[in-house]
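Worksheet: one structure, shown below.
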Amino acid sequence: MLSSIQKLSSRLPFVLASKSRILSKVSCRCCAHRLKSLNTVSSKEVPANNKEVLPRKNTDLKILLSHDKINEFRTRNKFYSSDVGSELDFYSVNDIDEGASSNNLRNFLFPATKDNVIVDINNCNSIQEVFDIIDKMKDDELKVEHLCQSLLVLWDLQRQFCTSDYLAQFLSTKNSVFKSYVNQIHSHSSFKRVLTLIDLKFEELSENALACMVLYLLKMGLELREPLIRKMVCRMEDFINNCKPGELSLSALSRFSVALCFQKTNDDLWAKCALISVMPHLVYWNEACETVEDFKLVTICMWSILEFAPRRLIDDYHSLVERFLSKDAEILPGSLVKCAFVLDPPSVYNNPYRKTIVRVLRLLQDRVNQLNHVGEFLRLNKVFIYHSEPSSLRVELRDNCQRWLKRDEDNDIIEEELSCALFYCLALNTPHSKRYRLASTAAKLVECTDNVYDLLMLASGQLRTVMQSVYSSFWPKVLAFVKESGDDQLLTAVAFRYVEVMSTKRCVEFENEVLEMLFELLDRDSVMGPSRLAQVAMCTLSIMDSSAHVQYSRQLTALFERVFAQIGRFSIFDTASLSRGLMRVVRQGRVSDHLPLYIQLEKELSATSLEFLDDKSLSLYDINLLCRGLINRTQFNVASSPYLSRVLERYRDVDWSEISSRSLRYSMFNLVRLHCCVPPLLSKMVAYVVQEADNVTGSTVSLLLHGLYKLGYLPDDDRFYEAVINATIKDADMMAGLALLQTALALAWANRLPSSLIQAIFDVDFLNDLDHEIKFGYSKISYPIRVRRCLMKLNRSVCLDFPEAGVPWFHADFCRQEDLLHESKVYSPLKQDVEKILNFLAGRPHMIGRDIPVDYGYKLDFQVNLDKNNRIIPYRKGADPHTKVAVLLGDEADWSTSGVQRTLRGAGQMRRRHLEILGFRVALVDQFVWSSMFMTEPSAKVTYLSNLIVPSS
């Protein structure tokens with residue numbers, strides 16, 4: 001038998017190449033090109049014992065690990081993601097015995113035995129009875145089968161001792177009752193004797209028995225570093241390496257895989273190497289699997305090796321999943337959850353299996369309550385939040401969250417970590433108007449939680465309403481854990497999370513200490529990689545205030561020098577992160593003495609982005625990141641960016657297969673910020689909602705439809721509006737009040753607002769909930785006024801477009817206050833120029849009305865009154881002329897562009913329609929046309945304005 005060190009040295013080269021994260025927790029988030037391909041691995045680096053067990057079709061371990069697409073999509077760092085719950089790897093609930101009865105578990109190894117000792121051990125109902133049988137026998141009388149069965153029964157009794165989700169309890173380090181129970185067993189002389197005898201006889205064990213012993217001894221509290229466990233793992237690894245794929249049972253493989261990843265804090269490299277040896281067998285089983293039970297075991301194995309599974313292996317597993325879905329196999333809910341997570345692990349952004357994942361999730365409809373482990377429920381919630389599909393799961397997740405919380409309250413043996421995860425799910429499944437009620441629970445949770453990773457669950461942007469009142473105590477506590485741990489990656493993670501929510505409530509003392517620690521990290525780590533450097537730089541630029549942190553001026557200059565030295569090595573995500581830091585600096589006016597450095601950084605990042613845009617294989621996710629970086633760097637003058645047209649061109653070429661709820665949301669956000677209308681992409685988004693009408697959520701369709709309203713793109717597919725209305729009504733109780741108002745406003749713009757939605761919004765209960773949402777929301781500056789303005793616009797639209805609804809106009813006072821706040825005594829050059837031409841057309845001054853308020857809160861730049869012969873007559877307040885012309889000035893903000901043509905945005909279209917309803921002829925003066933070259937002719941502006949007031953027709 002080869003020693004563990006010999007095996008480790010033989011396997012080390014390609015292990016390091018395939019997953020450098022095993023040695024260093026620092027990983028790149030979005031640069032697949034930095035995860036080096038393993039094509040350079042030579043045949044000498046492949047262990048001899050692996051060459052003897054090559055699977056069919058040349059799928060040997062070397063080829064598997066050196067595939068040209070290895071880990072190409074496995075690039076999302078779990079700490080740096082702003083996505084919901086991406087750092088939550090709750091529990092390793094790959095329980096191979098899920099749902100197994102005591103009888104089945106005890107008879108697993110020796111089902112038809114006639115050995116009286118095994119039968120007696122099987123009939124034991126207490127630990128002492130097992131020990132009594134062992135104590136009566138001499139060492140030479142105890143066969144290895146007796147020892148195995150005794151441990152199997154001891155494990156079953158220990159499992160029964162725990163009354164709740166036992167796997168979570170075994171991970172607990174805080175429950176004194178359970179720890180005392182385990183210590184008593186481990187210190188018992190009979191238990192020690194069993195372990196000593198197994199140490200002498202373990203080589204006689206079969207592969208099934210060996211895998212069981214490794215797994216159950218670990219579950220009973222032994223450490224992976226125990227000499228006995230290490231010997232048994234090496235023995236089991238020899239079985240795996242010396243068996244051809246298919247010869248070793250799946251039950252042995254799955255138990256062995258679960259055992260090696262059971263202890264979630266374990267980072268032993270030799271154990272990871274042992275897990276890698278399972279891969280060739282999984283290649284075989286992905287093809288040979290036929291039964292639902294085999295599918296369950298393959299899924300457990302895939303989950304266990306997911307950390308370093310190459311793309312080819314996951315592709316094979318994906319084919320297996322598709323095969324079982326096509327057969328309508330009755331897969332257990334727990335296996336479905338694990339399957340979804342294998343296809344969508346936390347390290348994936350560009351996921352090619354999205355449609356399969358959604359199909360798997362749809363099979364869980366009406367079956368969520370059948371999940372046996374809270375970890376499975378939390379994992380399902382996590383996958384659903386990330387994909388936002390299918391919508392049918394939302395209600396079940398909300399209801400089952402209450403069920404698991406009740407179990408958590410009834411049994412205090414569950415670790416605090418579980419409470420954090422459940423609270424996270426509860427908050428996300430609570431209506432926005434009622435989340436403020438969870439603030440007191442959040443405060444208690446922060447006070448009693450003693451694990452920084454659990455606390456980071458609560459540092460989510462989506463929990464700001466809940467957490468804002470406890471941030472003052474939350475961040476200092478997190479920082480204390482960071483100092484105690486000395487973990488540089490944790491420091492960066494905490495800083496990144498703080499930047500995510502710093503706009504809610506800033507903690508000055510925390511910022512000062514974090515900045516000091518970040519600069520110390522930069523001084524200490526002189527060879528920091530580009531991705532890590534980008535994250536540290538983004539956090540530093542976002543937090544640092546040039547006036548309050550003058551002492552760091554020299555270090556900031558050095559940081560810029562290091563960033564400039566790494567230009568060319570940054571990934572797409574890195575450039576987006578650095579652009580985000582620039583955005584925060586410019587937005588807060590903190591450029592100060594380092595202005596040349598900021599300008600240089602902006603130029604370097606733009607040049608790097610242009611190079612990325614030349615890549616024809618960019619995914620929609622990559623394009624969105626590049627676009628977001630563009631917005632952040634040029635947020636006040638995006639239209640003047642030299643490569644805006646390049647970004648729009650890439651958006652036009654997006655393939656239909658890349659459209660999903662998630663990509664739709666990101667893309668629409670970018671297009672609205674750019675004021676850019678890309679009809680080919682928008683039409684695909686509309687078609688996607690029509691096709692996935694049963695799956696999309698109300699928040700997704702709200703964001704899409706309101707974005708279309710903002711851009712002025714009006715779909716003409718009735719099925720689209722039907723899907724939007726159905727999704728909105730179905731998810732109305734879970735949508736933010738502003739989102740619901742924006743959806744209704746966009747439907748009113750399209751003349752598709754149903755009476756049921758009007759009644760639901762202009763209802764006393766909804767308006768009260770809206771007041772609560774405003775009062776307790778995290779944003780006290782922008783959110784309330786956004787809600788009030790949107791409600792005013794919707795009220796106006798309902799009164800003018802849907803008078804049959806009978807909703808009164810109750811925003812007159814609000815509109816007057818808005819006019820007073822935004823009243824300006826200074827006229828723009830455009831307004832002065834237009835007034836001059838209008839006076840010329842009228843023949844004398846004071847014939848034109850100026851800044852005229854009209855009904856429903858509208859205000860006209862100019863009003864021109866015409867007689868029946870279309871001649872201008874003097875404007876008089878209250879007069880009723882033959883024709884009233886509303887002259888409106890449209891600046892660039894009123895239009896969206898596709899790069900080829902300009903479109904009046906939804907608000908402008910609505911204003912035109914409403915003024916026509918009020919009896920006006922609308923003449924919209926386009927600033928772009930007014931300032932164009934041909935308008936320099938002496939009579940051009942006169943002719944243009946005259947034609948607008950009195951059309952030639």
Run the side chain to side chain contact (heavy atoms under 4.5 Å, CB included) check on L154 and F131 step by step: do they pass? CA-CA 9 Å; L154 287 174; F131 287 157; 3.9 Å; yes
Step-by-step side chain to side chain contact (heavy atoms under 4.5 Å, CB included) determination, C301 to F256: CA-CA 9 Å; C301 290; F256 182 66; over 6 Å; no
Before you tell me yes or no, could you show the steps for V144 and F202 under side chain to side chain contact (heavy atoms under 4.5 Å, CB included), namely the whole-Å CA-CA distance, both residues' side-chain angles and the distance that decides it to 0.1 Å? CA-CA 7 Å; V144 69; F202 74 90; over 6 Å; no
I118 vs E145, test: side chain to side chain contact (heavy atoms under 4.5 Å, CB included). Steps then yes/no. CA-CA 8 Å; I118 294 180; E145 290 83 1; 4.0 Å; yes
D294 and T291: side chain to side chain donor-acceptor pair (under 3.5 Å), yes or no, with the steps? CA-CA 5 Å; D294 286 348; T291 67; 3.3 Å; yes
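Salt bridge annotation for R367-E330: present, with a cationic side-chain nitrogen under 4.0 angstrom from a carboxylate oxygen. Between R311 and D315 there is a salt bridge, with a side-chain nitrogen of the basic residue lying less than 4.0 Å from a carboxylate oxygen of the acidic one.
In this structure, CG on L248 lies 6.0 Å from CD1 on I240, to the nearest 0.5 angstrom. To the nearest 0.5 Å, atoms CD1 (I121) and OG (S150) are separated by 5.5 Å. Between atom CE of residue M232 and atom CG of residue L228 there is a gap of 5.5 Å, rounded to the nearest 0.5 Å. Between D139 atom CG and L200 atom CG the span is 8.5 Å, to the nearest 0.5 Å. Between the CG atom of L260 and the CG atom of L275 there is a distance of 4.5 Å, given to the nearest 0.5 Å. Separation of atoms CD1 (I133) and CG (L142) is listed at 10.5 Å; rounding is to 0.5 Å.
Residues S251 and L297 share a closest heavy-atom pair of N-CD1, 3.8 Å. Closest approach of H281 and C243 over heavy atoms only: CE1-O, 3.4 Å. Contact detail for V258 and S304: the closest heavy-atom pair is N-OG, 3.7 Å. Residues R230 and L224 approach most closely at CG-O, 3.5 Å, considering heavy atoms. Residues D135 and S190 come closest through the heavy atom pair OD1-OG, 2.7 Å. Taking each heavy atom of A252 and N208 in turn, the nearest pair found is CB-OD1, 3.3 Å.
The backbone N or O of K296 sits nowhere less than 3.5 Å from a side-chain atom of K338 that would complete a donor-acceptor pair. With E247 contributing its side chain and K244 its backbone, the two residues share a donor-acceptor pair below 3.5 Å. At distances below 3.5 Å, not a single donor-acceptor pair connects side-chain atoms of D156 with backbone N or O atoms of L152. Listed for the D199 side chain is no donor-acceptor partner under 3.5 Å among the backbone atoms of L195. The backbone N or O of Y216 lies less than 3.5 Å from no partner atom in the side chain of R255, so there is not a single donor-acceptor pair. In this structure a side-chain-to-backbone donor-acceptor pair under 3.5 Å is present from N286 to L282.
Heavy atoms of other residues, nucleotides or ligands lying less than 6.0 angstrom from NZ of K143 number 12 at most. Within 6.0 Å of the CD atom in E141, the count of heavy atoms belonging to other residues, nucleotides or ligands exceeds 12.
The closest side-chain donor-acceptor pair between E322 and T356 falls under 3.5 angstrom. Using modelled atom types and a 3.5 Å distance limit, the side chains of N381 and Y424 yield no donor-acceptor pair. Counted by atom type alone, N125 and E129 present zero donor-acceptor pairs between their side chains at under 3.5 Å.
Judged by the 6.0 Å and 45° rule, K327 forms a cation-pi pair with F324. For the pair R235 and F239, the cation-pi criterion (under 6.0 Å, within 45° of the ring axis) is fulfilled.
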